[in-house]
Amino acid sequence: MDIHVIEKKWVKKWKDAKIFESEVGSRKKFFATFPYPYVNLSPHVGHAYSAIRNDMVIRFYRMLGYNTLFPFGFHATGEPIVGAAKRVKKGEESQIKAFEKAGIKKEEIEKFKDPEFIVKYFVNEWVKDMGEFGLAVDWRRSFYTTSLNQEYNAFVTWQFNKLKEKGLLVKGTHPVIYCPECDSACGSHDRKEGEDATIEEYVLLKFKLGDEHLIAATLRPETVFGQTNLWVNPDTSYVRIKVGKEEWVVSEIAYEKLKWQQKDLEKLGNVKGSTLIGRYAKAPMIKKEIIILPGLFVNPNVGTGIVTSVPSDAPFDYIALKMLQRDENLCKKYGLDIEEIKKIKPIPIIKTEELGEFSAEKACNDYKIKSLNQKDLLEKATKHVYKIGFHKGVMNKNCGKYAGKKVELVKDKVSEEMIKNNEAGLLHEMSEPVVCRCLTNCVIKILENQWFIKYSDEIWKKKTLKCLNDMRVLPEEARNVMKNMIIKMKDKACARKSGLGTPLPCDPKCNIECLSDSTIYMSYYIIQKHVHNKEVSVKNMKPEFFDYVLLKKGEPRIVAKKTGLSEELIKQLKKEFEYWYPVDLRNSGKDLLTNHLIFFLYNHTAFWPEKYWPKAIGANGWVTVDGMKMSKSKGNFVTLRDAINKYGNDASRLAFMDTGEGISDADFSTKAALSFKNKLVSIIERVEMLKDVKGKDKDVLDEWLLSKVQKRIKNTTIALKDYLNRTALKDSFHGLLNDVNYYYDKKKNLNTETLNYFWSVFSRLNVPFIPHTCEEVNELLGSKEFVHNLKYPVFDKKLVNESVEENVELLKDINYDVKNIIKLVGKKPKNITLIISPAWKYDFFKEFKKAFEKKKDVKELINLFMKQEEYKKNSKQIIGLINALVKDLSKLPDKVTNQKEEFEAFNKNKKFIEEEFNSEVIIVKAEDSKNLKAQTAIPGKPGILIE
RNA sequence: GCGGGGGUGGCAGAGCCUGGUCAAAUGCGCAGGACUUAAGAUCCUGUGGGUUAGUCCCUGCGAGGGUUCGAAUCCCUUCCCCCGCACCA
């Protein structure tokens with residue numbers, strides 16, 4: 001049997017019958033989406049995972065009676081496709097090889113110089129592969145993004161005009177890591193070095209010195225209240241520059257940096273560091289004249305090469321000051337009066353419990369730092385002081401109006417105040433050097449007049465938080481991740497100079513970037529069906545069209561006239577939107593939790609009333625292959641096509657869904673996939689063999705199987721409602737197969753009715769996981785209908801039989817024990833005698849359980865039982881049991897029935913034991929046995945005697 | 001640094017919220033068996049360590065303490081790992 005042939009057959013049948021093409025109706029609907037993939041590659045197994053999870057939920061809800069919709073779009077917005085096309089044009093080896101590896105013929109490569117061709121090529125590949133994979137997708141609703149698709153382009157244009165109208169699209173300024181050679185922002189993927197570099201914000205403090213300003217850079221503006229002096233490196237050459245109307249003195253390197261961040265900069269001349277020493281400059285905020293001292297430790301590459309000194313809270317400053325105060329020669333060299341220098345004392349400004357008011361001094365003592373040469377220790381101490389000071393510190397009385405306030409709360413306020421009073425400015429620095437792929441050193445540039453989406457807007461934020469709060473998020477821990485992100489949200493720059501996309505209406509030279517043009521497009525799937533049907537095209541898509549269909553604005557008669565569409569059609573579109581919206585589930589990889597999904601929520605709250613806000617988000621982890629991150633170099637890169645060819649659709653689906661769940665990563669195990677493939681074949685074979693099953697008699701095993709099946713149904717349904725694929729599979733697939741294996745194994749004369757029922761349930765219950773196999777099984781069972789059109793199995797309480805299940809469990813236990821003993825004895829038994837626990841033990845165990853809940857003391861418990869006549873005669877055994885039970889309560893049997901019931905149960909089922917061991921089984925009550933083993937018997941665990 | 005999540009068998013991964021009936025569901029791998037001419041598949045049995053005329057005992061959930069009659073689970077301390085922090089899709 002070839003499973004691939006079977007799967008292909010069903011994929012075709014579904015397609016021909018259009019069972020996944022969804023139309024509005026009167027039934028309840030379920031609309032599930034997942035983020036459209038970026039189409040610069042053919043799909044690989046990682047892509048497939050989120051799609052399968054969505055597919056699983058869709059099939060489940062479909063069989064619960066919902067009208068389901070699963071659309072599938074494609075994302076082409078952004079840089080990579082254009083980049084790849086450029087690289088092909090340039091004839092770059094690696095890029096061409098990558099395409100060739102993806103199965104593109106050499107003579108075709110030429111065409112990949114055109115981004116549009118790349119988009120169309122891969123969209124086609126995706127539809128082909130995903131289609132063959134049998135997803136329950138309504139392919140009429142597929143589209144790709146960017147201006148290459150005029151209709152979608154019109155939709156996004158409308159969206160951004162609306163955002164602007166609402167005041168949510170604003171202009172602003174922001175710093176980026178920038179490559180001067182490429183003349184564009186240099187993202188982490190474009191870098192050769194410094195991928196992890198971040199932008200740090202230094203506050204530039206202005207110290208008035210005559211007509212000039214010495215500019216010192218600091219990361220701790222709140223410590224200005226403790227300034228005692230300035231450090232200037234006497235050996236460094238500084239430059240005097242004109243900044244607007246002011247003259248600044250900074251290091252040469254700082255000037256180079258500032259050029260990118262300040263307007264109207266002009267170099268006036270050089271200043272030798274040593275010439276500044278000993279002079280006094282007026283410090284910002286405290287407005288005090290402080291002395292400029294020689295700081296040989298000052299690095300001209302960092303900040304501005306000028307440092308303000310706060311010896312109370314900065315270990316470097318503290319040690320440098322102490323050293324200078326001892327160094328008569330150095331003072332003399334720069335003409336300083338050492339006695340004056342010695343008068344400089346740290347000014348306490350921040351107090352913490354751990355470090356007191358002189359944290360730098362304390363830290364230096366703790367770390368045993370004596371000299372500036374201990375640079376590593378000084379850096380450690382600085383970090384430590386900062387961490388404690390910032391998070392736990394409180395500003396003291398020397399800090400003016402900030403006294404008594406927490407450091408973390410005032411830090412920004414202090415710098416804001418100084419900037420406002422023109423006592424300070426800003427300098428952006430990279431946390432580490434960045435080199436662009438083009439080998440140019442990057443700088444930080446301040447981009448001006450950039451368009452931002454105003455995600456920082458407090459009202460909008462609040463609405464979005466409410467939306468998140470009211471929806472389901474699965475798994476739950478994803479909610480916290482998102483919540484924290486929303487709270488932290490700043491405005492998002494939404495325009496890019498390069499890459500594909502929709503032009504920003506208010507600045508058409510720029511395209512809308514990839515995460516901003518994909519926030520409310522789920523609504524566009526509804527419109528796309530009509531574009532596909534050629535009923536609507538870009539010329540109809542006036543703003544009034546979207547206003548009416550999506551926002552219910554306007555008179556149908558006027559809108560129809562304006563758009564050139566019939567009134568009927570636009571009414572129909574509006575109706576469809578109102579039917580399918582809101583999105584019931586958006587399932588996504590966890591990587592989108594802190595960006596795309598947030599924007600998705602934000603924009604929905606901006607465009608629609610609560611009624612249309614998304615109902616649920618599901619997140620899943622990454623996919624690894626055989627425990628390793630998928631990569632081409634490791635040779636473990638599996639495309640979806642590979643998986644389909646090798647394992648088939650259902651086995652691949654199982655390999656995903658059986659391994660990962662929730663936000664942790666899923667491991668696609670190739671061995672497991674292969675083993676699933678075999679298992680699926682054997683399932684179909686078994687069902688084919690059903691025709692030879694003729695048995696009519698029913699016994700405990702039939703009842704047991706039916707009862708087990710009910711529990712499997714119940715557990716599967718509960719798990720699926722929480723999108724827990726793995727948990728669900730444990731019951732629906734593995735559980736049921738284990739159950740039925742036991743049945744096949746133990747049942748002498750297989751019962752037709754039982755097995756037909758079983759496989760019918762199996763085939764329906766597993767549709768979300770292995771839809772093709774289920775169709776085949778369903779057909780073999782004689783159904784004329786698609787299994788997808790049948791009802792999902794419903795838990796039937798009447799078929800649950802607890803006591804039968806317990807009996808079978810009991811039998812399993814006994815078999816296990818007997819087998820062990822036989823192994824020890826090492827001979828084939830003639831007789832097996834099971835000695836049922838004496839009647840009093842049943843009472844004892846029951847009473848003990850109750851008594852133990854109240855009293856835990858061994859002696860008290862013994863006394864309690866010894867008071868009772870009926871137990872006295874078994875005192876030895878009782879004391880032994882109590883001691884053992886108190887030590888380890890697990891010895892207490894799960895369930896205590898009574899002797900009569902257990903005796904009857906064993907008698908009824910003894911034939912199974914006899915068959916198992918092929919020997920006679922004798923069942924006696926302990927009271928009727930003289931054998932010593934009778935004493936070891938307890939409820940649920942008979943004494944066993946092998947002869 | 002900030003935020004989130006983890007550390008359990010050869011591997012992947014349950015159990016933790018709500019302490020005991022739990023140590024390891026489920027899958028993979030491995031070993032043995034049944035079936036088969038044979039192989040594969042399938043099914044059965046076993047799979048932390050130790051011991052065994054007895055269905056058991058000892059040890060074990062990153063490390064160290066504590067609470068409790070009882071801790072993988074609760075509390076404290078400590079070590080280690082992964083992910084996100086935005087212009088990258």
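Heavy atoms only: backbone and side chains are in, while hydrogens, waters and symmetry mates are out. Chain naming here is simple, since letters A, B, ... match the order of the sequence lines and numbering starts at 1 in each.
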Measure from [atom1] on [X] to [atom2] on [N] and round the result to the nearest Å.
X: A:Leu737; N: B:G27; atom1: CG; atom2: P; answer: 9 Å
X: A:Lys454; N: B:A86; atom1: NZ; atom2: P; answer: 22 Å
X: A:Tyr744; N: B:C44; atom1: OH; atom2: C1'; answer: 16 Å
X: A:Glu379; N: B:G1; atom1: CD; atom2: C1'; answer: 15 Å
X: A:Asp658; N: B:G13; atom1: CG; atom2: P; answer: 12 Å
X: A:Asn480; N: B:G84; atom1: CG; atom2: C1'; answer: 14 Å
X: A:Leu729; N: B:A14; atom1: CG; atom2: P; answer: 14 Å
X: A:Asp745; N: B:U42; atom1: CG; atom2: P; answer: 16 Å

Which whole number of Å gives the distance between the [atom1] atom of [N] and that of [M]?
N: B:A86; M: B:C28; atom1: C1'; value: 39 Å
N: B:G19; M: B:C11; atom1: C1'; value: 30 Å
N: B:C17; M: B:C75; atom1: C1'; value: 15 Å
N: B:C16; M: B:A24; atom1: P; value: 15 Å
N: B:U45; M: B:G50; atom1: P; value: 23 Å
N: B:G9; M: B:U59; atom1: C1'; value: 14 Å
N: B:C79; M: B:G10; atom1: P; value: 27 Å
N: B:U73; M: B:G54; atom1: C1'; value: 33 Å

Minimum-distance nucleotide (side-chain atoms of [X] versus [options]):
X: A:Asn678; options: B:G13, B:A89, B:U42; result: B:U42
X: A:His75; options: B:U26, B:C28, B:A89; result: B:A89
X: A:Asp667; options: B:C43, B:U26, B:A12; result: B:A12
X: A:Asn595; options: B:C43, B:G27, B:C88; result: B:C88
X: A:Leu515; options: B:C87, B:A25, B:C88; result: B:C88
X: A:Asn484; options: B:U26, B:G3, B:A89; result: B:G3
X: A:Lys730; options: B:A25, B:A86, B:A89; result: B:A25
X: A:Glu477; options: B:G5, B:A86, B:A89; result: B:G5
X: A:Lys488; options: B:G84, B:A12, B:U26; result: B:G84
X: A:Asn741; options: B:A89, B:C87, B:C43; result: B:C43

Heavy atoms only, 4.0 Å cut-off, all strands: where does [X] land among base, sugar-phosphate and nothing?
X: A:Thr727; result: nothing
X: A:Lys490; result: base
X: A:Glu685; result: nothing
X: A:Arg686; result: sugar-phosphate

Legend entry - Distance below 4.0 Å between A:Thr594 side-chain N/O and B:C85 OP1 or OP2: no
Inset, instruction - Output yes when at least one side-chain N/O atom of A:Lys746 is less than 4.0 Å from OP1 or OP2 of B:C43, else no. - result: no
Legend entry - Ionic contact status for A:Arg712 with A:Asp739, cut-off 4.0 Å: yes
Legend entry - A:Glu477 with A:Lys590: basic N within carboxylate O range, under 4.0 Å: no
Inset, instruction - Please confirm whether A:Lys411 makes a cation-pi placement over A:Phe390, using NZ or CZ under 6.0 Å from the six-membered ring centre and within 45° of the ring normal. - result: yes
Legend entry - NZ or CZ of A:Arg686 within 45° of A:Tyr744 ring axis and under 6.0 Å: yes
Which base sits across from [N] as a Watson-Crick or G-U pair, both distances under 3.5 Å?
N: B:U42; value: B:A34
N: B:G84; value: B:C2
N: B:U47; value: B:G29
N: B:U52; value: none

Legend entry - Check: A:Thr77/A:Thr145 side-chain N/O donor and acceptor closer than 3.5 Å: yes
Inset, instruction - Return yes if a side-chain donor-acceptor contact under 3.5 Å exists between A:Ser682 and A:Glu685, otherwise no. - result: no
Inset, instruction - Check whether the ring centres of A:Phe656 and A:Phe668 lie less than 6.0 Å apart, and answer yes or no. - result: yes
Inset, instruction - Look at the side chain of A:Tyr38 and the backbone N and O of A:Ile81, then say whether any donor-acceptor pair between them is shorter than 3.5 Å. - result: yes
Inset, instruction - Assign each of A:Phe452 and A:Lys671 to its nearest nucleotide of RNA chain B by heavy atoms, then name whichever residue's nucleotide is nearer the 5' end. - result: A:Lys671
